[in-house]
Amino acid sequence: MDMEKIRELVSQMTLEEKAGMCSGADFWHTKAVERLGISAVMVSDGPHGLRKQDEASDHLGINDSIKAVCFPAGCALASSFDRNLAEHMGRVIGEECQAEGVSTILGPAVNIKRSPLCGRNFEYYSEDPYATAEMSTALIRGVQSKNVGTSVKHFLANNQEKRRMTSSSDVDERTLREIYMVPFEGAVKNGKPWTVMNSYNRINGTYVGESKQYLTDLLRDEWGFDGYVMSDWGAVNDRVEALKAGMDLEMPSSNGVNDALIVKAVQEGILDEAVVNQACERILNIVFRYMENRDENAVFDMVKDHETASSVEEECIVLLKNDSDENGKHILPLNREQKIAFIGKYAEAPRYQGGGSSHINSWKVESALEAVKDIANVVYAKGFDDAADKADETLEVEAVHTAKDADVAVIFAGLPDSFESEGYDRTHLNLPDCQNRLIEKICNVQKNVVVVLHNGSPVIMPWKDSVSAIVEAYLGGQAVGKAEIKVLFGEVNPSGRLSETFPNRLEDTPCYLTYGKGKDHAEYQEGVFVGYRYYTTRDMDVQYPFGYGLSYTTFGYSNLMTDKTELTDTETLTVSVDVENTGYCSGKEVVQLYVAPVNSEVPRPVRELKGFEKIALEPDEKKTVTFTLDERAFAVWNTDFHCWDVPDGVYLIQICRNAQEVILEVAVQAKNTKRPRQKYTANTCMGEFFTDPKAQQIFGQMMAGNEQTKEMEESSQSEAISPEMLAAMMQDMPLRQLISFVPGMTWDAVNEILSVLNVD
């Protein structure tokens, strides 16, 4: 239905009906107006599968939902670094939504992983804004290709669970723009989501849901968002102010309480009825977009989608370590003829999803123990029961004995539900003590130990140097076991790369000093130095860096080229590099491009991810990968002019294996042409004038033949004043000080210089 017809429909609604349209009918449905042919539509969690509740409804996953398929969580999907894979998964979820009559899926969740302690990090994609934007955009495109909406969440700067409904994220403008806004900006501009969900929290003291600056000026006017904004469930503080700011739909229902406040505000002249009309138009535009594109033939094929969940997880698994045995052969992939022991509860009952609103009522869960039956003969010992994180000596003894008698022991470990979930943050990065203890005991009796991890965020591995191989499966969805077996036995070559850093210690994390501290304020004192941006700039050792991941084959890089060596901020740069599979089996490589500013005057990370592509290569096959970089690849947010700004200078275009390992690099020179001309004042330092050609000419003429200048030059030959000292002093000397050091210089002369220089 076009907007003209929608406006006509809204004009026929009563004020009470319009106010009611701005809130849900219940937990999951919008309101219907039957007399006007307006149907109610359903929205549903979650980002990695359909959590549709038919009867007893809640938003925290307490009550059961329909049987559905749980796909890999965001933490896993992002590690695939595969846009096509994310889009495919989105199409499958969209088809499921059509089959179940769900108009909008509440996701993806694109908040930045500011700290590995955030309890909801398993839903989020990455510590890197570019990677998050690219992967979430792909998922959005997939879902919406089925004429089902997405709701990008949680907008904005929602990076902790502690006091998430009232806490203020206190963060500066540049950091917001460069880190926390980028995933939403990319998703809105390139994915065109039907809806956006605003977060609970405040930013610098103001609730996001009541911020016209974010919901209207930024989201709609600057980025071009044309859907409706819905609240997170219960994220309404002041309904009338929220409506004015641009929050269109309140969820869930307030049972008419807030609807009445809207009516009253209009009647008393506090709220313009046009604002209510506009919110209704936005909501109905999306309602009819879905209703007019219903696919009555859509099928929720759980068997087929289970296989899709497995194939997606295969691309997400990250091989962190793979040592060689005494014969020089890598421990992985496993040999089917080996005597293999599977140890650990998660081999039989894997942890494959997180707790809270995204929790899927999976119709089937395929464990590694079940999936291995047709592959190899293995013996199994439970080893631990981490519900209470207490070692069970009987289970331990059995596990150690089982591992000792095997050729290789595969330990399935990870974080239990009690360690990470929506609603609260982690307090440490450790695995349960009972698991660490078990791994150490098995390493004492078995030299070939493989650890498979099931977790939604980084963990510390005190046994890292003792085991032979480590496989990071993350929270891999209901078919995680099947995917693990394919990787462990070499049917699939692991190709995942970490989308977050695994630090050595919690104390090493960028926001350690402030995260989770305070009552009502979260201080983002680390600024733009989030995740690998911090570790690489500090040159800090970590367990595993962002972008890290091994393969069963090897890849060689060569012939890094750019189409130009100098560019302005109005031009794009084309970068190409050749990648070859130099090993003995087929595999996929994630080609990572970073941009590194050289001698930046602006405090910047040493390098930032600005491009990635995942490619498949057969042995000896070579492909050329091409990237196109625009202004944003080089820009910072200029808080003086409130715009993206490319600082003049040299930038290294780097092809890296991960954030810490540079393979190839080439330098380019970038020049700014868009920045407004600087307005000089008497307090502008001389160093800034020295970089301006116009100023150089004026001062060159002024200083030529000046006796005081000659004396200053001569004094620099003395022991007390070196040329370097004089140059440094002049660099940081404000223009007004020339009155003291240059005979004949007056305030009239200074003002005359300024008037000439400030003429455009």
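Numbering of residues begins at 1 and proceeds along the displayed sequence.
In this structure a side-chain-to-backbone donor-acceptor pair under 3.5 Å is missing from Asp305 to Ala309. Looking at Glu618, its side chain never comes within 3.5 Å of a backbone N or O of Ser586 through a donor-acceptor pair. The closest donor-acceptor contact from the side chain of Lys153 to the backbone of Asp232 lies at 3.5 Å or more, if one exists at all. Gln160 contributes a side-chain N or O that, together with a main-chain N or O of Lys162, makes up a donor-acceptor pair within less than 3.5 Å. A donor-acceptor pair under 3.5 Å is formed between the side chain of Ser169 and the backbone N or O of Ala157.
Pairs of residues two or more places apart, or lying in two chains, that qualify as side-chain hydrogen bond (donor to acceptor under 3.5 Å, both in side chains) and include a residue from residues 133-144 are Arg83-Glu134, Gln144-Thr150.
Between Pro72 and the options Glu314, Glu315, Glu313, a side chain to side chain contact (heavy atoms under 4.5 Å, CB included) holds for only Glu313. When each of Leu156, Val188, Val110 is tested with Pro183 by the rule side chain to side chain contact (heavy atoms under 4.5 Å, CB included), just one qualifies, namely Val110.
The distance from atom OG of Ser311 to atom CG of Leu85, rounded to the nearest 0.5 Å, is 7.0 Å. With rounding to the nearest 0.5 Å, the separation of NE2 in His48 from NE2 in His359 is 8.5 Å. Rounding to the nearest 0.5 Å gives a distance of 11.5 Å between OG of Ser126 and CG of Leu77.
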Self-check item: Verdict with reasoning, Asp128 to Arg533, per salt bridge (charged side-chain N to carboxylate O under 4.0 Å, His left out)
Solution: CA-CA 9 Å; Asp128 181 75; Arg533 286 165 166 78; 2.9 Å; yes
Quiz item: Given the rule in the side chain to side chain contact (heavy atoms under 4.5 Å, CB included) test, do Phe489 and Val372 qualify, once you have shown the distances and angles that lead to the verdict?
Solution: CA-CA 9 Å; Phe489 286 89; Val372 80; 3.7 Å; yes
Practice problem: Start with the C-alpha gap between Asp385 and Lys345, add the side-chain angles, then the distance that decides, and say whether side chain to side chain contact (heavy atoms under 4.5 Å, CB included) holds. | Solution: CA-CA 7 Å; Asp385 186 348; Lys345 172 184 175 180; 3.7 Å; yes
Self-check item: Residues Leu332, Leu488; criterion side chain to side chain contact (heavy atoms under 4.5 Å, CB included); working and verdict
Solution: CA-CA 6 Å; Leu332 296 178; Leu488 288 171; 4.0 Å; yes
Exercise. Check the pair Glu472 / Tyr544 against side chain to side chain contact (heavy atoms under 4.5 Å, CB included), numbers first and verdict last.
Key: CA-CA 11 Å; Glu472 176 57 81; Tyr544 295 104; over 6 Å; no
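For Phe419, the ring-ring contact (aromatic ring centres under 6.0 Å, His included) criterion is met by His428, not counting sequence neighbours.
The aromatic rings of His154 and Tyr124 lie perpendicular to each other, with more than 60° between the two planes, well past the 30° mark. Below 30°, between 30° and 60°, or above 60°: for Trp28 and Trp233 the angle between ring planes is between 30° and 60°, a tilted geometry.
In summary, the side chains of Asn493 and Ser551 do present a donor paired with an acceptor at a separation below 3.5 Å, with no hydrogens or angles considered. Residues Arg294 and Gln98 have side chains that bring a donor and an acceptor to within less than 3.5 angstrom of each other. For Tyr352 and Ser362, the side-chain atoms include at least one donor-acceptor pair closer than 3.5 Å. At a cut-off of 3.5 Å, with distance as the only test, a side-chain donor of Ser457 or Glu420 sits close to an acceptor on the other residue.
The residues Glu87 and Arg91 are annotated as salt-bridged, a charged nitrogen and a carboxylate oxygen being separated by less than 4.0 angstrom.
Judged by the 6.0 Å distance and 45° axis criteria, Lys588 is not positioned over the aromatic ring of Phe81.
Side-chain contact between Val480 and Ile317 is absent, with no heavy-atom pair separated by less than 4.5 Å.
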